[in-house]
Amino acid sequence: MSISPGSRWDTATSTTTPTIYQLRAWVHGVSPLIWRRLLVPAESSIAELHTILQTAFGWTDEYLHRFVIHGVEYGANPFAGPFRDDARQIRLDGLGLRITERFTYHYNFTADWQLNLRLEQTLLAAAGRIYPRCTGGRRAGPPQDWAGPWDYLERTQPYLVFDAMLRAADIISQLLDADEEQDWASVGVHRGELAGLAPLLGLEHFDRQTLNQALSQRGTASRGVA
């Protein structure tokens, strides 16, 4: 999922100010909204946008995916047969997207996670600013292994979240009360259970700074407008 040196992402060597697409992406079928606002170089490929979205929503690219843009599919969907175009060769600025226009991204076809994306505006790259970057968002991305929006809504009922908080507090209390000899045994017994509770405990967590640090590893600084 890394970007190779000298790719079209190297806007620092450009002689003109690169164009940036401001995209809003949100998870379809989930309320309250899980969303991100992303600044993406317009010259990015569809394949690179896939990588950005995986990072933005905390997914790890373990499942097949596809974009649907103007009725054309791009990505990796074995049910659709061979794609007409190579997603690595199709740039966003070559798709003729209009301001406010929407398209979709689908991931893990069994679960049918869908992101709706809207082009909010086009901008000029700021000098020294690293792209891609996130400028806003809310809530943690849904676990990619859960069975889609309906499963997410079922699992995150308020009473289940409350029960998870109580159970986590009880486990932590037990660990704090354990004597030194019991510590390692207690941690081993409860590690798996705590890992299972983690998604419910972190539903509202969104760390834009950490996300931008991850995105910065896939981008370069721009010599855009000061």
Side-chain angles (χ1 to χ4, degrees), residues 1-28 35-109 111-125 129-135 141 144 211-212 214-224:
M1 295 174 63
S2 61
I3 305 300
S4 60
S7 74
R8 61 176 61 90
W9 289 64
D10 190 8
T11 55
T13 61
S14 176
T15 58
T16 59
T17 300
T19 299
I20 301 298
Y21 280 179
Q22 179 176 300
L23 299 171
R24 180 180 170 93
W26 66 96
V27 178
H28 180 78
W35 63 275
R36 306 286 185 264
R37 178 168 287 113
L38 301 164
L39 301 182
V40 179
E43 58 189 11
S44 303
S45 70
I46 293 293
E48 288 165 339
L49 180 58
H50 157 69
T51 298
I52 293 169
L53 294 174
Q54 287 285 311
T55 303
F57 287 89
W59 295 334
T60 56
D61 201 10
E62 295 181 16
Y63 298 95
L64 297 172
H65 71 278
R66 67 185 173 109
F67 288 90
V68 180
I69 306 173
H70 296 156
V72 179
E73 293 189 350
Y74 308 90
N77 180 359
F79 306 109
F83 288 103
R84 188 183 70 184
D85 300 299
D86 184 345
R88 296 169 298 181
Q89 304 300 321
I90 304 300
R91 290 171 34 152
L92 295 178
D93 57 8
L95 292 169
L97 295 171
R98 301 181 299 275
I99 303 299
T100 74
E101 188 169 7
R102 296 186 183 186
F103 57 99
T104 58
Y105 171 80
H106 305 259
Y107 178 59
N108 185 353
F109 303 136
D112 195 26
W113 289 115
Q114 175 181 318
L115 300 181
N116 297 320
L117 294 101
R118 182 173 67 236
L119 175 59
E120 293 187 319
Q121 60 179 321
T122 59
L123 308 165
L124 294 178
R129 184 62 58 84
I130 295 176
Y131 298 98
R133 65 185 293 104
C134 176
T135 62
Q144 62 183 6
L211 171 54
N212 277 326
L215 290 173
S216 70
Q217 298 175 12
R218 296 174 170 82
T220 57
S222 170
R223 291 180 180 172

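One-based numbering along the sequence shown. Just so we're clear, the structure is a prediction, and the values are computed from it rather than from any experiment.
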Qualifying residues under salt bridge (charged side-chain N to carboxylate O under 4.0 Å, His left out), relative to Asp112, sequence neighbours excluded: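 Listed in chain order: nothing, the list is empty.
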
In chain order, what residues pass the salt bridge (charged side-chain N to carboxylate O under 4.0 Å, His left out) check against Arg37, with sequence neighbours excluded?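 Partners of Arg37 by the salt bridge (charged side-chain N to carboxylate O under 4.0 Å, His left out) criterion, ordered by chain and then number, come out as Glu120.
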
Go through the steps for Val40 and Tyr131 under the test side chain to side chain contact (heavy atoms under 4.5 Å, CB included), then give the verdict. CA-CA 6 Å; Val40 179; Tyr131 298 98; over 6 Å; no

Out of curiosity, [X] [atom1] to [Y] [atom2], how far, rounded to the nearest 0.5 Å?
{"X": "Trp113", "Y": "Asn108", "atom1": "CH2", "atom2": "CG", "result": "9.0 Å"}
{"X": "Ile46", "Y": "Arg91", "atom1": "CD1", "atom2": "CZ", "result": "11.5 Å"}
{"X": "Glu43", "Y": "Ile20", "atom1": "CD", "atom2": "CD1", "result": "8.0 Å"}
{"X": "Thr100", "Y": "Gln121", "atom1": "OG1", "atom2": "CD", "result": "12.0 Å"}

With side chains defined as the heavy atoms from C-beta onward, is the minimum distance between [X] and [Y] less than 4.5 Å?
{"X": "Leu211", "Y": "Arg36", "value": "yes"}
{"X": "Gln114", "Y": "Val27", "value": "no"}
{"X": "Leu38", "Y": "Pro132", "value": "no"}
{"X": "Trp26", "Y": "Leu115", "value": "no"}
{"X": "Arg66", "Y": "Tyr107", "value": "no"}
{"X": "Ile90", "Y": "Ile69", "value": "no"}
{"X": "Asp93", "Y": "Thr19", "value": "no"}
{"X": "Leu49", "Y": "Ser44", "value": "no"}

Restricting to non-hydrogen atoms, name the atom on [X] and the atom on [Y] that form the minimum distance, rounded to 0.1 Å.
{"X": "Leu97", "Y": "Phe103", "answer": "CD1-CE2, 3.9 Å"}
{"X": "Ala214", "Y": "Thr55", "answer": "CB-CG2, 3.8 Å"}
{"X": "Ala47", "Y": "Arg88", "answer": "CB-CG, 3.7 Å"}
{"X": "Leu92", "Y": "Pro41", "answer": "CD1-O, 4.1 Å"}

Which residues satisfy the ring pair (Phe, Tyr, Trp, His ring centres under 6.0 Å) test with Phe57, sequence neighbours excluded?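 Ring pair (Phe, Tyr, Trp, His ring centres under 6.0 Å) check on Phe57 returns Trp59.
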
Whether the Thr60 and Gln144 side chains hold a donor-acceptor pair (N or O, under 3.5 Å, no angle test) is what I'd like checked.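 Looking only at side-chain atoms, Gln144 and Thr60 do form a donor-acceptor pair, the distance falling under 3.5 Å.
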
Could you walk me through whether Arg24 and Leu117 satisfy the side chain to side chain contact (heavy atoms under 4.5 Å, CB included) test, starting with their C-alpha distance in whole Å, then the side-chain angles of each, then the deciding distance to 0.1 Å, before giving a yes or no? CA-CA 6 Å; Arg24 180 180 170 93; Leu117 294 101; over 6 Å; no

Look only at the side chain of Asn116 and the backbone of His28, and say whether a donor-acceptor pair between them is shorter than 3.5 Å.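 Side chain of Asn116 to backbone of His28: no pair is present.
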
The criterion is side chain to side chain donor-acceptor pair (under 3.5 Å); which residues satisfy it with Thr104, sequence neighbours excluded?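 With sequence neighbours excluded, Thr104 shows a side chain to side chain donor-acceptor pair (under 3.5 Å) to His106, given in chain and number order.
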
My understanding is that only residues two or more places apart in sequence, or in another chain, count here; which of them pass side chain to side chain donor-acceptor pair (under 3.5 Å) with Tyr105?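 With neighbours one apart ignored, the set is His50, Gln54.
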
Partners meeting side chain to side chain contact (heavy atoms under 4.5 Å, CB included) with Ile99 (sequence neighbours left out):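 Testing Ile99 for side chain to side chain contact (heavy atoms under 4.5 Å, CB included), a comparison that skips the adjacent residues, returns Leu119, Thr122.
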
